[in-house]
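In each ligand, atom 1 is the first atom listed, and ligand 1 is the first ligand listed.
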Amino acid sequence: MTNPQRFDHPVNVTRPIVPPLADYAAMLEGVWQHRVLTNDGVLLRELERRLSERLDAPHIALFSSGTVALQIAIAALGLVGEVITPAFTFPATPHALSWAGVSPVFADIDPVRLTIDPDAVERAITPRTTAILGVHVYGIPCDVDALAAVAARHDLRIVYDGAHCFDTRIVQAPIGGFGDATMLSFHATKLFHCAEGGALIVRDEAMLRRVKLLRNFGIADAQTVLVPGINAKMNELEAAMGLLVLDRVADEHAAREAVTATYRRRFAGIPGLRMPAALPDVSDSHQYAVLLVDDSEAGLSRDDLHEGLKSFNVFARPYFYPLCSEAPHYRGLPSAARANLPVSFRVSRQVLCLPYYGELGVAGAERVADIVVHLLSRGRR
Ligand code: T4K
């Protein structure tokens, strides 16, 4: 094989869908006329309604980011003491607990799903534990049944960080239907996005009212401030973006599916390379294309592959390395010890998220795969 060509433009881990600028301007015309830019505007309400339908989520509220949505779920459920969570996640997950004065307790992950291991959760429970904060990493659902059983045995709440899931389903059940609350991120890097934004899907009407109250300073009406809320509102410019992006999600799904198929075909059977297998009865979240590199078999480390790709103008990302438990704020916790998190530690040294977005196309994915294969063969020499 001849040496693959360097891309003449940076190929990043993702590239957000954007609507035609004229469509965005047209969507904003009404906003310009009535000048309601934020605070429960018409576009926000419309987006909440459409997402509720689309995600089969009768109780959904939108927020200015996924992180603040998670903070509000923690506040609404009144979590205190300790909450068990994985270290193999984006820092926003444990940070949301820290901001609430709750201590994160790290538990290891399952080597296949890469999500929190229910047995490890059970071992980490103490009299101070009030909840489990699971993360559907890369959109792979946690073992929701096993976690529900642990929570029921110990009377714990369950919150899911579903930042990487949009319309994922488990046996036809929407991902937001598990636990007490599920957060979704609508950041620009996500399949469905509002530039910035997030959502909470909650169990019932009472909790929906509470999270909506908390996102608007706790103000019930002009005379009444019921609880110490915060400003967590999504504005009309973001909601307009969301409405237009929503119309394009189906096409993006299809395009990403072709990219996934290409990567799977090209990496199948290569020693030391693995893409997490699709779980039966779970729909693909189309959020990341994850490669696990075992250097003892591949002949090249994840870091060498990551660096090598850069020389071809390809910017993959080692999500999530380092582990949250390695950050200065958390590394002193007893649960942060490497011996407590062997799978998380190993996986965080193996993962690389490859460029993954519809515009990359099959031809782009083939070129990325050519470069990976080339770097591996050079590494083995
Ligand atoms: N929980 C989990 C498990 C999460 O993964 C996240 C966020 C959260 C909670 C918190 O949700 P939010 O509060 O963000 O709603 C990015 C995102 O900023 C972050 O949302 C995401 N997870 C995380 C996995 O990825 P960075 O620091 O890697 O972003 P950045 O700016 O380096 O962007 C990555 C690549 O994407 C760039 O190479 C270029 C491309 N890009 C990025 C942006 C922002 C674009 O092409 N356009 C853009 O607008 O964190």
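- Although no hydrogens or angles enter the test, the distance criterion places no donor-acceptor pair under 3.5 Å between the side chain of Thr168 and the main chain of Cys165.
- Taking the side-chain contact (heavy atoms from CB on, under 4.5 Å) definition, one finds that Pro58 meets it with nothing, sequence neighbours left out.
- Here ring pair (Phe, Tyr, Trp, His ring centres under 6.0 Å) pairs that include residues 97-120, with residues two or more places apart or in two chains, are Phe106-Tyr330.
- With hydrogens and angles disregarded, no donor-acceptor distance shorter than 3.5 Å links the side chain of Thr93 to the backbone of Thr89.
- Residues forming a ring-ring contact (aromatic ring centres under 6.0 Å, His included) with His9 (at least two apart in sequence, or on another chain): Phe7.
- For ligand 1, the 4.0 Å heavy-atom shell takes in Asn12, Val13, Thr14, Pro16, Ser65, Gly66, Thr67, Thr89, Phe90, Ala92, Thr93, Val135, Asp161, Ala163, His164, Met183, Ser185, His187, Ala188, Thr189, Lys190, Gly197, Tyr288, Arg317, Tyr319, Phe320, ordered by chain and residue number.
- Inspection of the Thr115 and Tyr138 side chains reveals no N or O donor paired with an N or O acceptor under 3.5 Å.
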